[in-house]
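In what follows, a structure is listed as structure tokens, so that the remarks can point back to it.
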Amino acid sequence: MAELPDLEVFARILTRKYGGKVLEKVDIPVDKKLNVPPKKLKENLEGHKLSLVKRSGKTLQFHIGESILGLHLMLRGELVELTDKVPKFIIMSFHFKGGAGFAVTDMQKQATATLDPPQNDTPDALEIDYPTLLKLLEGKRTVIKSLLMDQKKIRGIGNSYGDEILYHAGISPFSISGKIPEDDVKRLHRSMHSVMETAIKKIEKENGDELRGELRDFMEIHGAGIKQTKKGEEVLHEKIGGRTSYYTKSQKLFD
DNA sequence: GAATATGTTTAAAT
DNA sequence: CATTTAAACATATT
């Protein structure tokens, strides 16, 4: 669950709902991926006010008191509002003064919380400018799909939005990054922005105040259920870097 | 029961 | 050395 657009919406919802509230208690049933001892996390966070929640790449950053708690949901992590029904697979839960709260769950136990994460200079997919993107592709021999998903080069694009962006830009996921002409890189840059921004708007509208987000109705091409694009093109699929990529043969291949 | 799933890390191979 | 690939992670769903 949860790629960049979902996380962006989650950050806004969390800020709206919990911003300004005091975090009374943090429970940490699973601490194996935590970068500090649970005790230290509690000392740093409990009794302090949550000022805001931001998204950075595929992580959320909770600004609490003087500290920042980074949270990566990984492959299967979810955010769940706390009610009388106790969710399964809790990694950690946040209880605010007044009773409200939410939990991070992950049946795979891979969701990762990091106290005061080091600053990351890798450009974010929503913020990267065209010259930076062009430079990033220059001379690279990897296929474009892999590069887009490489978090050390650009942060925030996952398997499904990678497919959506490339389809939108009309570029084959198998294109060699360095062989894509400038005009098409320009198109790619614009598609990155518009696909993500459109998704954020749609998810925000559909979700309202709910943290759940498995809305994939608007996906044009990525998904096992999609056999044809709206234009009637046949959707092909093949593995790139161990994950299934969906594409059409109308997307231009540069090699 | 087998295959698959929105991500990352590690080690091994190229 | 730089880059790429497979396996592992733990469970649910189809």
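All values below were derived from every heavy atom in this structure, side-chain atoms included, with hydrogens, water molecules and symmetry-related copies excluded. Convention: sequence-line order gives letters A, B, ...; per-chain numbering from 1.
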Could you tell me the separation between the CD1 atom of A/Ile91 and the C1' atom of B/dG7, rounded to a whole number of Å?
15 Å
Quote, to the nearest angstrom, the C1' distance that separates C/dT4 from B/dT6.
22 Å
Less than 6.0 angstrom separating the ring centers of A/Tyr18 and A/Phe62, yes or no?
no
Would you mind writing out the side-chain donor-acceptor pairs for residues 98-108 of chain A within the sub-3.5 Å range, not counting sequence neighbours?
residue, atom, partner, partner atom, Å
A/Asp106, OD1, A/Gln108, N, 2.8
A/Asp106, OD2, A/Gln110, N, 2.9
A/Asp106, OD2, A/Ala111, N, 2.7

May I ask you to say what A/Thr244 touches in the nucleic acid, namely base, sugar-phosphate or nothing, with a heavy-atom cut-off under 4.0 Å?
sugar-phosphate
Polar-atom pairs under 3.5 Å, protein N or O versus N or O of nucleotides 9-14 of chain B: list them with distances, or write none.
none

Between A/Phe218 and A/Ile203, is there a side-chain heavy-atom distance shorter than 4.5 Å?
yes
Reading nucleotides 8-14 of chain C 5' to 3', which nucleotides get B (base under 4.0 Å from a protein heavy atom), which S (sugar-phosphate only), which -?
-BBBS--
For B/dT6, does OP1 or OP2 lie under 4.0 Å from any side-chain N or O of A/His222?
yes
List the residues meeting side chain to side chain donor-acceptor pair (under 3.5 Å) with A/Ser146, not counting sequence neighbours, and say none if there are none.
none
Between B/dT6 atom P and A/Met149 atom CE, what is the distance in whole Å?
10 Å
Respond yes when some side-chain nitrogen or oxygen of A/Gln151 is under 4.0 Å from OP1 or OP2 of B/dG7, and no when none is.
no
Please report, to 0.1 Å, the donor-acceptor pairs under 3.5 Å made by any side chain of residues 44-51 of chain A, with sequence neighbours excluded.
residue, atom, partner, partner atom, Å
A/Asn44, OD1, A/Ser67, OG, 3.3
A/Asn44, ND2, A/Lys40, O, 2.9
A/Glu46, OE2, A/Val26, N, 2.9
A/Glu46, OE2, A/Lys42, NZ, 3.2
A/Ser51, OG, A/His63, O, 3.3

Could you tell me whether a side-chain N or O of A/Glu220 sits under 3.5 Å from a main-chain N or O of A/Tyr167, the two making a donor and an acceptor?
no
Rounding to a whole Å, what distance do you find between A/Ile221:CD1 and B/dT6:C1'?
16 Å
Name all residues meeting the side chain to side chain donor-acceptor pair (under 3.5 Å) criterion together with A/Lys17; count only those two or more places apart in sequence or in a different chain, and write none if there are none.
A/Glu81
Counting only N and O atoms by type, is there a donor-acceptor contact under 3.5 Å from the side chain of A/His95 to the main-chain atoms of A/Leu23?
no
Taking only the side-chain nitrogens and oxygens of A/Tyr246, find out if one of them lies under 4.0 Å from OP1 or OP2 of B/dT6.
no
Taking the side chain as everything from C-beta on, heavy atoms only, tell me whether A/Met192 gets closer than 4.5 Å to A/Met196.
no
Donor-acceptor contact below 3.5 Å, side chain A/Asp124 vs main chain A/Gly57:
yes
Specify the separation, in whole Å, of atom CZ of A/Arg55 and atom P of B/dT6.
19 Å
Under a 3.5 Å distance rule, please check whether A/Glu164 uses its side chain to pair with a backbone N or O of A/Met219 as donor and acceptor.
no
Among all residues two or more places apart in sequence or in another chain, which pass the side chain to side chain donor-acceptor pair (under 3.5 Å) test with A/Thr229?
A/Glu233
At what distance, to the nearest 0.5 angstrom, does CD1 of A/Ile180 lie from NZ of A/Lys140?
12.5 Å
Only Watson-Crick and G-U wobble pairs with both distances less than 3.5 Å should count. Give DNA chain B in dot-bracket notation, marking inter-strand partners with |.
.||||.||||||||
Counting only heavy atoms and a strict 4.0 angstrom limit, can you tell me which residues of residues 133-144 of chain A come near DNA chain B?
none
Using distance only, find each side-chain donor-acceptor pair of residues 237-245 of chain A under 3.5 Å and give its atom names and separation, not counting sequence neighbours.
residue, atom, partner, partner atom, Å
A/Glu238, OE1, A/Tyr247, OH, 3.2
A/Ser245, OG, A/Lys145, NZ, 2.5

Heavy atoms only, 4.0 Å cut-off, all strands: where does A/Gly158 land among base, sugar-phosphate and nothing?
sugar-phosphate
Separation of C/dT3 atom P from A/Ile176 atom CD1, nearest Å, is 14 Å
Check for a donor-acceptor pair, side chain of A/Ser194 on one end and backbone N or O of A/Arg190 on the other, with a separation under 3.5 Å.
yes
Quick check on contacts: within residues 116-127 of chain A, what sits under 4.0 Å from DNA chain B by heavy-atom distance?
none
Separation of atom CE in A/Met219 from atom P in B/dT6, rounded to whole Å:
9 Å
Between the side chains of A/Thr248 and A/Glu234, does any donor sit under 3.5 Å from an acceptor?
no
In whole Å, what is the span from the CD1 atom of A/Ile157 to the P atom of B/dT8?
12 Å
All side chain to side chain contact (heavy atoms under 4.5 Å, CB included) counterparts of A/Lys252, not counting sequence neighbours
A/Asp184, A/Arg187, A/Phe254
Please give, in whole Å, the distance from B/dT8 P to A/Asn159 CG?
11 Å
